[in-house]
Amino acid sequence: MAVYHVALVGVVLYAFRGMWQKLFGRKRPFVTLYTSRNSERTPLPKNGETCMGLTQLSLIQLIRANVPALGPEATFDGVWWLPGGDAQTMYSAIADFSQVDPIVYERKLLQVSDGGIIAVDISPPVASVPISKRENILLVAHGLTGGSNEAYVRAVLARVTPSTDAHGCGFRAIVMNYRGCNGSPVVTPRLYHAGSSDDVRPVILWITHTFPQCRMYGLGFSLGANILTKYAGEEGDKCPLQGLVTLANPWDFVKGCHHLPSTFLGRHVYRYVLGGALRRLMRLHQNVFLDAADIPLSRASLQAFFERPRLTLREYDELITAPMYGFKDALDHYAKISSSNVVRDIRVPCLAINSLDDPFSGEQGLPIHEIRASDNPLVVLAATRAGGHLGWYEHGPGGRTARWYVKPVEQFLAALVEYDLEAKEPPRAVGDEAGFVREAGRDDEVGFRELSPNEVESVVSGAHDSKLFSGW
């Protein structure tokens, strides 16, 4: 009850501050775009079949011309009862979105090289919309302990997956559910962390192997935004994504871990909520870890971890993430997995949308300096004045509450498709007699085997309450 009362007092204080700023604050543009010094001079390469006689645009020019939601006249009609970043953030976790934007998925289970399993959810299902050549595929990476069931994911998919005849963008979405999340089975003593880009590679190999000649784009939310951005930077010129858009990327986890306890709600609420969500995920699959013969954590230390009444996010990363995944400590983990490290190395068009009042990272966690100082014209950061962490709730049609970010995401993806970028080279797949498909030409082992190929499991997302923390 003490935590509840502390949170309630904090919400009232921050709501009052946010309402004061909304009513009497100085009017400023809602969106500020940050890009590199040479962003105007580097055109995006177009498909050779369509570029003849057509104007080529740089990424920042493409955004200015085709994404009015991020333009100088962009507006955000935030709901009055969610003033400030904290209120916008907390609403995502407490509101009931179960009947909003229902999406039908088809699930596939992929066994990867270390024996673990990754669940991917496909929409529209292949069973209802057969595979065709040169599809536009949207690879989606969700936030902390989330999945394809999350309302923030469904809000975008409800707009971009319908056909163009139905006023959508015609994408087929592939949502990658991290190990243990949203019903994804755990069969090895490994889950994931905020830098688990190694699990992205077999999923991308499966996509390019399953959907021939597809054009693949990426969409990342929060933790998933960091993972996809880190992946794009690591792959560099070999990244097979045509483009990438991220929402609420934490970017710099070292700065974030210092910012989080510096605020009232961060110190007393957020860091415990995030740490508790990861502990509940571990508890769901605790037998796999307790029965494992060879992991860098003793059974006694795991038992003590499971019996703790509560813990912070940093404590979780100190006790579990660092030893499990080979980091010296939590700070070493944060320093090495931050996607702000790879801003210079990204070689695909990348639009990142963050809010300056995100209570998890704060303004100081955004890579504004890194982007401005780099010579990379392929990264644009759109910093909004309000929105919180994966919030951006505003007045929608018919008096309903809508998520503002859906508009720029939809507009940006549609602009990339219409521009017809030069096709990226997919990874080369090589199969064996056992049905395991590997990526050729890599020193590390990247591969998959699709389990139960004759079984199709269709689920309607949002029909049931999540067993884990939801919303971020």
Student: Flag this pair as yes if the NZ/CZ of Arg310 is under 6.0 angstrom from the six-membered ring centre of Tyr272 and inside a 45 degree cone about the axis; otherwise no.
Tutor: yes
Student: Could you pull out all residues at least two apart from Glu410 that satisfy salt bridge (charged side-chain N to carboxylate O under 4.0 Å, His left out)?
Tutor: Arg159
Student: Give every residue pair that meets the salt bridge (charged side-chain N to carboxylate O under 4.0 Å, His left out) criterion with at least one member in residues 180-190, sequence neighbours excluded.
Tutor: Asp114-Arg190, Arg190-Asp198
Student: Tell me whether the count of non-hydrogen atoms from other residues, nucleotides or ligands lying under 6.0 Å of CZ in Arg442 goes above 12.
Tutor: yes
Student: Going by the salt bridge (charged side-chain N to carboxylate O under 4.0 Å, His left out) test, which pairs reach into residues 347-359, not counting sequence neighbours?
Tutor: Asp237-Arg347
Student: Could you tell me whether the side chains of Ser148 and His142 share a donor-acceptor contact shorter than 3.5 Å?
Tutor: no
Student: Is the shortest heavy-atom distance from the side chain of Arg107 to the side chain of Val120 under 4.5 Å?
Tutor: no
Student: Taking atom types as modelled, is there a side-chain donor on Asn226 or Ser338 under 3.5 Å from an acceptor on the other?
Tutor: no
Student: Could you please spell out the steps behind the ring-ring contact (aromatic ring centres under 6.0 Å, His included) verdict for Phe289 and His285?
Tutor: CA-CA 7 Å; Phe289 294 89; His285 310 286; 7.7 Å; no
Student: Looking at Glu150 and Arg154, is any side-chain nitrogen of the basic one under 4.0 Å from a carboxylate oxygen of the acidic one?
Tutor: no
Student: Should the pair Phe171 and Tyr217 be assigned to parallel (<30°), tilted (30 to 60°) or perpendicular (>60°) ring geometry?
Tutor: perpendicular
Student: Report yes if some heavy atom in the side chain of Thr188 is under 4.5 Å from a heavy atom in the side chain of Val288; otherwise report no.
Tutor: no
Student: Rounded to the nearest 0.5 Å, what separation is found between the OG1 atom of Thr246 and the CG atom of Leu219?
Tutor: 8.5 Å
Student: In plain terms, say whether Glu445 and Arg438 are close enough for a salt bridge, that is, a side-chain N and a carboxylate O under 4.0 Å apart.
Tutor: yes
Student: Relative to Phe305, does Arg283 satisfy both conditions: NZ or CZ under 6.0 angstrom from the six-membered ring centre, and within 45 degrees of the ring's axis?
Tutor: no
Student: Which residue in the set Val67, Thr384, Leu247 passes side chain to side chain contact (heavy atoms under 4.5 Å, CB included) when paired with Pro408?
Tutor: Val67
Student: When Tyr152 is tested against each of Tyr91, Trp392, Phe221, Tyr405 for ring-ring contact (aromatic ring centres under 6.0 Å, His included), which residue passes?
Tutor: Phe221
Student: Between Lys108 and Glu106, is there a salt bridge with N-O shorter than 4.0 Å?
Tutor: yes
Student: Is it the case that Asn376 and Ser36 place a side-chain donor and acceptor less than 3.5 Å from each other?
Tutor: no
Student: Are Glu394 and Lys407 within salt-bridge range, i.e. N to O under 4.0 Å?
Tutor: yes
Student: Closer than 4.0 angstrom, basic N to acidic O: yes or no for Glu235 and Arg201?
Tutor: yes
Student: Where do Arg308 and Glu315 land on the salt bridge (charged side-chain N to carboxylate O under 4.0 Å, His left out) test, with the steps shown first?
Tutor: CA-CA 11 Å; Arg308 287 179 67 121; Glu315 288 172 337; 3.4 Å; yes
